[in-house]
Novice: 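This structure is in structure tokens; I'll ask about it shortly.
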Amino acid sequence: MAHHMTEEEWRAFLSEGTRTAKVSTVRADGSPHIAPVWFLLDGDSLVFNTGKKSVKGRNLARDGRVSLCVDDDRPPYAFAVVQGHAELSEDPEELLRWATRIAGRYVGAEAAEEFGRRNGVPGELVVRVRIDKVIALADMAD
């Protein structure tokens with residue numbers, strides 16, 4: 001039977017494996033924009049990278065409101081929706097550090113440095129989403 005995840009459960013769910021987050025931002029005309037991102041949970045924040053000139057980057061620079069959805073599409077199904085406000089950084093050391101750490105989760109330690117150098121460059125942003133609210137359900141098909 002479906003149940004709301006505890007904080008411990010949703011933190012473990014967000015950190016497991018290589019699930020991507022679908023990040024939703026607000027366009028200038030008020031319409032939503034959604035795109036997948038690689039991310040890491042860092043304390044009370046989710047962290048991801050994006051291009052400064054990307055739709056996500058431009059939207060977040062103008063309006064920091066953001067939601068991310070992470071799901072498990074295998075039975076018995078689960079999801080977590082995170083709502084928060086984004087803080088942006090272009091600091092070169094922070095960019096390289098986070099791009100490398102995030103890559104380590106998705107491509108493995110052996111390729112993390114290469115991806116970090118590729119993604120942690122000028123024109124990229126570190127996006128830190130301060131978590132305001134989490135809605136998370138597990139075992140939806142039980």
Side-chain angles (χ1 to χ4, degrees), residues 1-116 118-121 123-142:
M1 181 157 173
H3 73 275
H4 289 274
M5 290 186 209
T6 65
E7 181 173 347
E8 183 178 331
E9 288 173 321
W10 65 252
R11 285 181 175 280
F13 178 80
L14 292 175
S15 299
E16 182 183 342
T18 58
R19 294 183 181 119
T20 59
K22 288 65 171 179
V23 61
S24 180
T25 59
V26 182
R27 293 179 188 265
D29 67 2
S31 64
H33 173 263
I34 190 162
V37 295
W38 292 356
F39 73 96
L40 286 175
L41 184 61
D42 183 45
D44 292 330
S45 300
L46 285 178
V47 181
F48 65 91
N49 295 95
T50 193
K52 184 177 181 177
K53 293 183 179 181
S54 70
V55 174
K56 293 184 298 298
R58 292 191 321 267
N59 288 348
L60 291 170
R62 189 189 66 263
D63 184 335
R65 293 177 297 168
V66 61
S67 291
L68 301 100
C69 180
V70 178
D71 69 329
D72 184 350
D73 63 355
R74 299 166 298 154
Y77 309 106
F79 72 88
V81 174
V82 176
Q83 299 172 350
H85 287 81
E87 299 171 359
L88 309 178
S89 173
E90 296 180 69
D91 177 82
E93 289 179 15
E94 192 174 9
L95 273 168
L96 180 59
R97 180 169 26 99
W98 279 106
T100 303
R101 286 186 63 192
I102 292 166
R105 175 179 184 180
Y106 292 89
V107 299
E110 62 283 346
E113 191 173 318
E114 176 187 346
F115 273 76
R118 185 188 81 183
N119 297 334
V121 296
E124 293 291 312
L125 298 169
V126 174
V127 180
R128 177 174 292 277
V129 178
R130 301 289 181 186
I131 299 171
D132 295 329
K133 182 177 182 179
V134 177
I135 299 166
L137 293 173
D139 301 323
M140 297 174 59
D142 279 351

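Given the structure is predicted, the values throughout are model-derived calculations rather than measurements.
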Novice: Please check if any side-chain donor atom of Ser54 sits under 3.5 Å from a side-chain acceptor atom of Lys52, or the reverse.
Specialist: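 No - no donor-acceptor pair under 3.5 Å links their side chains.
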Novice: Does Arg11 pair with Glu7 as a salt bridge, N-O distance under 4.0 Å?
Specialist: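 Here Arg11 pairs with Glu7 in a salt bridge, since their nearest N and O are under 4.0 Å apart.
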Novice: Okay, side chain of Arg62, backbone of Val26: is any donor-acceptor separation there less than 3.5 Å?
Specialist: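 Side chain of Arg62 to backbone of Val26, a donor-acceptor pair under 3.5 Å: yes, one is there.
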Novice: Roughly how far, to the nearest 0.5 Å, is CG of Leu40 from CG of Leu46?
Specialist: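 Between Leu46 CG and Leu40 CG, I get 9.0 Å after rounding to 0.5 Å.
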Novice: With a 6.0 Å cut-off (strictly less than), is the heavy-atom count around NE2 of His4, excluding the residue itself, greater than 12?
Specialist: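 Not more than 12 within 6.0 Å, no.
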Novice: With the side chain counted from C-beta on, respond yes when Glu16 and Leu14 share a heavy-atom pair under 4.5 Å apart, and no when they do not.
Specialist: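 Glu16 does not reach Leu14 side chain to side chain.
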Novice: Mark yes or no for whether Ser31, through its side chain, and Arg27, through its backbone, hold a donor-acceptor pair below 3.5 Å.
Specialist: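 No: the side chain of Ser31 does not pair with the backbone of Arg27.
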Novice: Does Asp91 have any side chain to side chain contact (heavy atoms under 4.5 Å, CB included) partners at least two apart in sequence or in another chain, and if so, which?
Specialist: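 Checked Asp91 against side chain to side chain contact (heavy atoms under 4.5 Å, CB included); matches are Ser89, Glu93, Glu94.
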Novice: For the residue pair Tyr106 and Trp38, does the interplanar ring angle fall in the parallel (under 30°), tilted (30 to 60°) or perpendicular (over 60°) class?
Specialist: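 Ring orientation of Tyr106 relative to Trp38: parallel.
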Novice: Measure the shortest side-chain to side-chain distance between Val129 and Val47 over non-hydrogen atoms and say whether it is less than 4.5 angstrom.
Specialist: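 Side-chain contact under 4.5 Å: no.
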Novice: Quick one: list whatever passes side chain to side chain contact (heavy atoms under 4.5 Å, CB included) with Asp142, sequence neighbours left out.
Specialist: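 Once residues adjacent in sequence are excluded, the partners of Asp142 under the side chain to side chain contact (heavy atoms under 4.5 Å, CB included) criterion are Pro76, Asp139.
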Novice: Rounded to the nearest 0.5 Å, how far does CZ of Phe13 lie from CD of Glu8?
Specialist: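 Here the rounded value is 15.0 Å.
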Novice: Calculate, to the nearest 0.5 Å, the distance between atoms CD1 and CH2 belonging to Ile135 and Trp10 respectively.
Specialist: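 Separation between the atoms: 12.0 Å.
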Novice: Between Arg130 and Gly84 (side chain of the first, backbone of the second, donor and acceptor by atom type, cut-off under 3.5 Å), is there such a pair?
Specialist: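 No: the side chain of Arg130 does not pair with the backbone of Gly84.
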Novice: To the nearest 0.5 Å, what is the distance between CG (Leu60) and CG (Leu125)?
Specialist: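 Between atom CG of Leu60 and atom CG of Leu125 there are 8.5 Å.
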Novice: Please find the pair of heavy atoms, one from Met5 and one from Ala78, that lie closest to each other, and give the distance.
Specialist: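 Looks like CE-CB, 3.8 Å.
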Novice: Is there side-chain contact between Ile34 and Val23, with at least one heavy-atom pair below 4.5 Å?
Specialist: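 Sidechains of Val23 and Ile34: no contact.
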Novice: Please lay out, stage by stage, how Asp71 and Arg19 fare under the test salt bridge (Lys or Arg N to Asp or Glu O under 4.0 Å).
Specialist: CA-CA 7 Å; Asp71 69 329; Arg19 294 183 181 119; over 6 Å; no
Novice: If you draw the axis of the six-membered ring of Phe39, does the NZ or CZ of Arg105 fall within 45° of it and under 6.0 Å from the ring centre?
Specialist: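 Satisfied, under 6.0 Å and within 45°.
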Novice: Hey, are the side chains of Leu137 and His3 touching, using non-hydrogen atoms and a 4.5 Å cut-off?
Specialist: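 When only atoms from C-beta onward are counted, His3 and Leu137 do not touch, as no gap falls below 4.5 Å.
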Novice: What's the spacing between Asn49 CG and Arg101 CZ if we round to 0.5 Å?
Specialist: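 Separation between the atoms: 11.5 Å.
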Novice: Looking at Lys22, I want to see if its NZ is surrounded by more than 12 non-hydrogen atoms of other residues, nucleotides or ligands under 6.0 Å.
Specialist: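 Yes, because the 6.0 Å sphere around NZ of Lys22 holds more than 12 heavy atoms from other groups.
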Novice: Report the distance from atom CD of Glu113 to atom CZ of Arg118, rounding to the nearest 0.5 Å.
Specialist: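 Atom-to-atom, Glu113:CD and Arg118:CZ are 14.0 Å apart.
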Novice: Check for a donor-acceptor pair, side chain of Arg65 on one end and backbone N or O of Ala86 on the other, with a separation under 3.5 Å.
Specialist: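 Not a single qualifying donor-acceptor pair exists.
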Novice: Is there a donor in the side chain of Thr25 and an acceptor in the side chain of Lys56, or the other way round, less than 3.5 Å apart?
Specialist: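 Checked: Thr25/Lys56 side chains show no N/O donor-acceptor pair below 3.5 Å.
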Novice: Does the side chain of Val66 reach to within under 4.5 Å of the side chain of Asn59, using non-hydrogen atoms?
Specialist: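 Result no, sub-4.5 Å side-chain heavy-atom pair not found.
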